[in-house]
Visitor: 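Supplied in structure tokens, the structure appears directly below.
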Amino acid sequence: MNMISGSVYKCVLIVFLLLSPTAIYANFDFNANCLKAYQNIFELKLSTARQLIAAEKKIHPDNGLVPLLENYVDYFYLLTTESKTEFDKLKENKSTRLDQIADGDKSSPYYLYAQAEINLQWALIRGRYGEYFTAAREIKKANGLLQDNNKKFPAFTLNAKGLGLINAFLGNLPDGILKSTLSTFGIKGNLQSGIAMLDKLSESLPKSKFEPFYEEVVFYYVFVLNDIAHSPSAYSKTMKYTSRIAESSLLKTYLQALVCSKNGHNDEAISILNNRPTGAEYQSFPYLEFLLGSAKLNKLDYSSGQNFVRFLQLNKGANYIKDANLHLGWVSLLKGDTEAYTAFMNKVKSAGYTYQEKDKQALNEAGESIPNKELLKARLLFDGGYYNKALEELKDSKGDSFASARDKTEYYYRLGRINDELGKYDIALTSYQNAINKGKNLKYYFAANSALQIGKIYEKKANFSKAKAFFNVAIQMKNHDYESSIETQAKAGIKRIDKNAD
């Protein structure tokens, strides 16, 4: 081969490597087999993915993408099973996989990227079980690796996926061990920057060479919009970006149903869950039964009890056991069986764990007196987005007609929330203020969340001084349920206002 033809050959090879998302970078070969395994992971067909990865391992034992794919399988297995036992066992795989990748081709954009992904995935799982210090170290490591990879390979678009998630996650982190540890490491994030990165990626990826990674980007983006940012556009963006994902994806079912159920599209959530793909090839996902039960109970369908029972039968994990028993107690109470209600409250106290905020709240509620049925119905209907029906439940009540301070406060809080969603802001503001007056010295979240919601109303009205004042009121209230979540949202509100002021 003469010098000229050799140069041409090299140029053609470089162009091919730059244009192909599945390019072979020495031992980082995102070939058809790996791509198929990856696609099966994101449809939650984990057994099939494991078989494909095992086959790839035999054919190409040095392929550096195999440890990454194996880690994806572990990540989604732990996400669907919620098993602390399996988590404790599988987390030992992390260091072995990183060692395997470390021996790979350093000139590949997948070299640092794969290491960052493994660190980030384990950090996200650890956070569910309180391993905050290790999670903080892994986030720091992932962030550094992705920043370095972005400098080395600026055209490698996938860097923005992890960087967007880290930015959003760190930009809205509640006060606690994880935040203080990351601050010690000197890592900060920006929620809006993270959202912008993920939004741009979701929009551009289908038209790019990195299109196969679309489902993963959308998975993280939905998580950010719904769980981190509590964004008002969570529903519209989720339905938009998941619409092009195949109906055979059980992960699509999960994302759509979760967002629908949390954003007042309850009937749609039920329909999505009832029509979810089924079969032996799919990973068992008991939480979907819990989600269906919750959605059905939100429209006061008491057959929802069957779904909670099924969840408890199928569930091998540590989370939502207390919450499921709380819901079963509510079903019993609303059907008029107070004896069964008491039995379920005892189960809330004795069974399950408190890793999740919902389980902590369930335990708190189990220690309270029997809830008022009208307030409980209004609460459930509100959660389902049935605002007029929720208002109907409260029409014959007055704040002073309730005996306990808790019920008085909750009555005004529920009235505020319902009218807020119906756009009746003046009534909502009065009701919220009554809830603050009645409940500011109680341990319940009603008063603090009322202050937060008043802040949001004034922010909508562009009355930023009043908005900021009420966000601060929410922050100043301490030792109540959901304190961390409410305080984080209030601080995010102040950040938005300060940014507008600049």
Side-chain angles (χ1 to χ4, degrees), residues 82 174 261-262 287 290-291 293-302 304-305 307-309 311-312 315 318-384 390 393-394 397 402-418 435 438-450 452-453 477-487:
E82 299 276 0
S261 65
K262 285 190 175 183
Y287 181 70
F290 179 91
L291 205 54
S294 298
K296 285 164 70 174
L297 185 54
N298 283 345
K299 63 186 300 184
L300 305 184
D301 177 353
Y302 303 147
S304 57
N307 300 101
F308 294 120
V309 168
F311 165 75
L312 290 169
N315 179 50
N319 297 323
Y320 306 109
I321 296 167
K322 290 185 184 297
D323 204 14
N325 280 305
L326 179 71
H327 282 74
L328 282 166
W330 288 345
V331 172
S332 299
L333 180 65
L334 294 174
K335 287 165 74 175
D337 191 342
T338 52
E339 194 177 322
Y341 169 82
T342 304
F344 279 117
M345 292 310 102
N346 288 331
K347 279 190 179 179
V348 173
K349 294 171 188 174
S350 62
Y353 303 85
T354 52
Y355 296 118
Q356 295 289 321
E357 194 69 38
K358 286 283 187 183
D359 287 319
K360 289 177 189 172
Q361 178 64 14
L363 185 59
N364 290 342
E365 294 198 36
E368 296 292 330
S369 56
I370 294 178
N372 176 279
K373 287 185 187 181
E374 282 67 39
L375 290 175
L376 179 57
K377 285 180 182 178
R379 172 184 180 176
L380 292 167
L381 289 165
F382 173 84
D383 287 346
E393 287 294 333
L394 300 178
S397 302
F402 294 94
S404 70
R406 180 191 190 280
D407 287 352
K408 282 185 174 74
T409 307
E410 183 175 0
Y411 167 77
Y412 287 118
Y413 171 73
R414 298 287 166 215
L415 212 54
R417 294 292 279 134
I418 296 161
K438 298 283 183 187
K440 60 188 173 188
N441 296 318
L442 302 176
K443 63 179 181 179
Y444 312 108
Y445 66 91
F446 308 127
N449 207 38
S450 291
L452 174 67
Q453 301 307 325
M477 290 188 204
K478 301 294 180 186
N479 303 315
H480 57 78
D481 301 328
Y482 299 121
E483 181 181 334
S484 177
S485 174
I486 290 168
E487 189 171 314

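Note: hydrogens, waters and symmetry copies are ignored here, and every other heavy atom, side chains too, is used. Not measured: the values here are computed from a predicted model.
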Visitor: I'd like to know whether the aromatic ring centres of Y287 and F290 sit less than 6.0 Å apart in this structure.
Guide: yes

Visitor: Where the side chain of N325 meets the backbone of F344, is there a donor-acceptor pair that is under 3.5 Å apart?
Guide: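 Absent.
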
Visitor: Do F311 and S294 come within less than 4.5 Å of each other through their side chains, counting heavy atoms only?
Guide: no

Visitor: In Å, rounded to the nearest 0.5 Å, how long is the span from OH of Y411 to OG of S397?
Guide: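 Answer for the OH-OG pair, Y411 versus S397, is 6.0 Å.
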
Visitor: Output yes when K373 and E393 qualify as a salt bridge under the 4.0 Å nitrogen-oxygen rule, no when they do not.
Guide: no

Visitor: Counting only heavy atoms not in K335 (residues, nucleotides, ligands), do more than 12 fall under 6.0 Å from its NZ?
Guide: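 Incorrect, the count does not exceed 12.
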
Visitor: Just by distance, do the side chain of S485 and the backbone of Y482 share a donor-acceptor pair under 3.5 Å?
Guide: no

Visitor: Test K358 against E82 for salt bridge (charged side-chain N to carboxylate O under 4.0 Å, His left out), laying out the working first.
Guide: CA-CA 14 Å; K358 286 283 187 183; E82 299 276 0; over 6 Å; no

Visitor: Within the structure provided, determine whether R417 and N449 are in side-chain contact (heavy-atom separation under 4.5 Å).
Guide: yes

Visitor: Go through it in stages, so that I can follow the logic: the residues are E368 and K443, the test is salt bridge (charged side-chain N to carboxylate O under 4.0 Å, His left out), and I'd like the CA-CA distance, side-chain angles, deciding distance and then a yes or no.
Guide: CA-CA 11 Å; E368 296 292 330; K443 63 179 181 179; 3.1 Å; yes

Visitor: Sub-3.5 Å donor-acceptor pair from the side chain of K377 to the main-chain atoms of A390, do we have one?
Guide: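 No; judged by distance alone, with no hydrogens or angles, the pair does not exist.
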
Visitor: Taking side chain to side chain contact (heavy atoms under 4.5 Å, CB included) as the criterion, tell me which of L297, L300, D337 meets it with V331.
Guide: L297

Visitor: Would you check if the side chain of E483 reaches a backbone N or O of N479 as a donor-acceptor pair within less than 3.5 Å?
Guide: yes

Visitor: Between Y445 and Y413 (judged by ring centroids, cut-off 6.0 Å), do the two rings come close enough to count as a pair?
Guide: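 Ring centroids of Y445 and Y413 are less than 6.0 Å from each other.
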
Visitor: Keeping the roles fixed (side chain from D359, backbone from Y320), state whether a donor-acceptor pair exists under 3.5 Å.
Guide: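 Judged by distance alone, yes, a pair lies under 3.5 Å.
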
